[in-house]
Amino acid sequence: MAKKKLNVGMIGYGFMGRAHSNAFRKVSNFFDNEYVPVLKAACARDAEKVKAFADTWGYESTETDWRKLIERKDIDAVDICVPNNLHKDIAIAAANAGKMILCEKPLSMNAAEGEEMCQAVEKAGVLNTVWYNYRRVPAVTLAKKLIDEGRLGKIFHYRAVFLQDWTISADLPQGGAGLWRLDAAAAGSGVTGDLLAHCIDTAIWLNGGVDDVTAMTETFIKERTHTATGKVQAVGIDDACAFLARFKNGSLATFESTRYARGHKALYTFEINGEHASIQWDLHDLHRLNWFDHRDESIVRGWRSVHVTDGDMPYMGHWWVPGLQIGYEHSFVHQVADFLANVPKGESTAPTFRDALETQRVCDAVLGSAKSGKWEKVGGA
Ligand SMILES: NC(=O)c1ccc[n+]([C@@H]2O[C@H](COP(=O)([O-])OP(=O)(O)OC[C@H]3O[C@@H](n4cnc5c(N)ncnc54)[C@H](O)[C@@H]3O)[C@@H](O)[C@H]2O)c1
């Protein structure tokens, strides 16, 4: 098949800038798509640092102003890897310039912003996707397949947690490189938009829409020095959040996230209990899917730990041989592979901006409920 080039312009070279660059570089060695990504330009504000990043990862050129990157005729797709408060302006400008857009999660600071972004990409007719990458961990994709085949039967419960422990010190400042997540003006919210957004996206994908929620949040450290001003300022993010949810399919859910769970670095787990079977998944052991099937003969019935590495399991036929696992970074490779496969079809790749807006609406309802102390309906279109 004759290959076509898809020129990528990446904005932001931090954690996600690296994860995505790695995915763009690897994807065509493992997935045979008509389009091959070309690392055309990397953009960030510091000219020297972005040049060093571009040299390390093989970008052909650099920019220090994202508007310039978007104006360039030789860029086909814009990849947004910057803090949340910049997503909207960049995405709308990129849509207006007719660029395809790959945007990091959460889509936006809130649902109102997200709606504007959806309208911009839909009006411009540009292909889009949002990097909720956990959907493309093979074990999670397998969970989706098992649920869609009806193997669990009616679903009663969904249970998700995302636990970390990196903000317990009161000496940690808010704002600036690496710490923008503690600054509400840059992040929008704390664990709700950062960590629970992942749990909510996976949950909606696996179990359908959410009707209503009731939540509590806490900010354990009320004031922190702001990196930009050097002043001690009120902290506006939620350090921890727990919420109950009712899904449209009648199932009940609990979600919990915190950055104050000493001993946990990135413990994302979910469990789903159905009429016939249950599923468990754990990011720390991401290539395994735990499965319990009540229909098994009682003398051998029990939890199985399925090692998701065989060639007939989602995405695994593209990698090594059965028994050899892949990791975190491959979920990004899979998302790029799916995006590239959809380009010739003229289709956006799930989760699209519109799909990700649904997660934003749940986040808004969660934060609203934590304030009102009441159950809140998830707003609709
Ligand atoms: N999908 C995931 O699992 C996942 C994981 C981490 C982060 N994220 C998301 O990715 C985004 C970036 O997070 P990160 O962890 O990579 O952050 P980071 O702090 O590591 O990197 C942010 C980058 O943005 C750049 N930047 C900031 N302002 C800019 C501007 N005005 N113009 C150009 N560049 C600018 C910084 O220089 C830095 O390179 C966030 O939206 C975050 O929520 C997603």
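Whatever order the structure lists ligands and atoms in, that order sets their numbers, starting from 1. The basis for the numbers below is simple: all heavy atoms, side chains too, and nothing from hydrogens, waters or symmetry mates. Just so it is clear, the model here is predicted, and its values are computed rather than measured.
Heavy atoms of Arg18 stay at 4.0 angstrom or farther from ligand 1. Ligand 1 lies within reach of Pro106, whose nearest heavy atom is under 4.0 Å from it.
Nearest protein heavy-atom contact of atom 36 (C) of ligand 1 is Arg45 NH2, 4.0 Å. In terms of protein heavy-atom proximity, atom 23 (C) of ligand 1 is nearest to Cys81 O, 3.7 Å. Among protein heavy atoms, the minimum distance from atom 10 (O) of ligand 1 is reached at Glu104 CG, 3.1 Å.
Ligand 1 has no nitrogen or oxygen under 3.5 angstrom from a nitrogen or oxygen of Trp66. Between Phe15 and ligand 1, a contact under 3.5 Å exists for at least one N or O pair. Close N/O approach between Ile11 and ligand 1 is not found [any backbone or side-chain N/O within under 3.5 Å].
Side-chain atoms of Tyr315 and Arg136 form a donor-acceptor pair, as typed in the model, at a separation below 3.5 Å. Side-chain contact check for Tyr268 and Ser257: no donor-acceptor pair (N or O, by modelled atom type) lies under 3.5 Å. Counted by atom type alone, Thr349 and Asn342 present one or more donor-acceptor pairs between their side chains at under 3.5 Å. Tyr260 and Asp239 form a side-chain donor-acceptor contact under 3.5 Å, judged by distance and modelled atom types alone. For the residue pair His294 / Glu275, no side-chain donor-acceptor distance below 3.5 Å is found, with atom types taken as modelled.
Of all the heavy atoms of Asp65, none lies under 4.0 Å from any atom of ligand 1, so neither backbone nor side chain is involved. When non-hydrogen atoms are compared, ligand 1 lies under 4.0 Å from the side chain of Tyr328 (C-beta onward) but not from its backbone. Contacts between Met16 and ligand 1 below 4.0 angstrom, taking non-hydrogen atoms only, involve backbone and side chain alike. Heavy atoms from both the backbone and the side chain of Val82 come within less than 4.0 Å of ligand 1. Residue contacts with ligand 1, taken as heavy atom pairs separated by less than 4.0 Å, involve Trp180 solely via side-chain atoms from C-beta onward. With a 4.0 Å heavy-atom cut-off, ligand 1 is reached by no atom of Ala177.
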Worksheet item: Between Asp355 and Trp205, is a side chain to side chain donor-acceptor pair (under 3.5 Å) present by the stated rule, with each step listed?
Response: CA-CA 9 Å; Asp355 298 329; Trp205 189 52; over 6 Å; no
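Comparing Lys105, Gln335, Arg181 against atom 6 (C) of ligand 1, the shortest heavy-atom distance belongs to Arg181.
Below 4.0 Å from some heavy atom of Asn84 lie the following atoms of ligand 1, by number and element: 40 (C), 41 (O), 42 (C), 43 (O).
In plain terms, the two heavy atoms of His284 and Ala266 that are nearest each other are NE2-O, 3.1 Å.
Ion pairing of Asp338 with Arg135 is absent here, as no side-chain N (NZ or NE/NH1/NH2) approaches a carboxylate O to less than 4.0 Å. Classification of Glu34 and Lys345 as a salt-bridged pair fails, no side-chain N sitting under 4.0 Å from a carboxylate O. Taking the charged nitrogens against the carboxylate oxygens, Glu271 and Arg159 do have a contact shorter than 4.0 Å, which makes a salt bridge.
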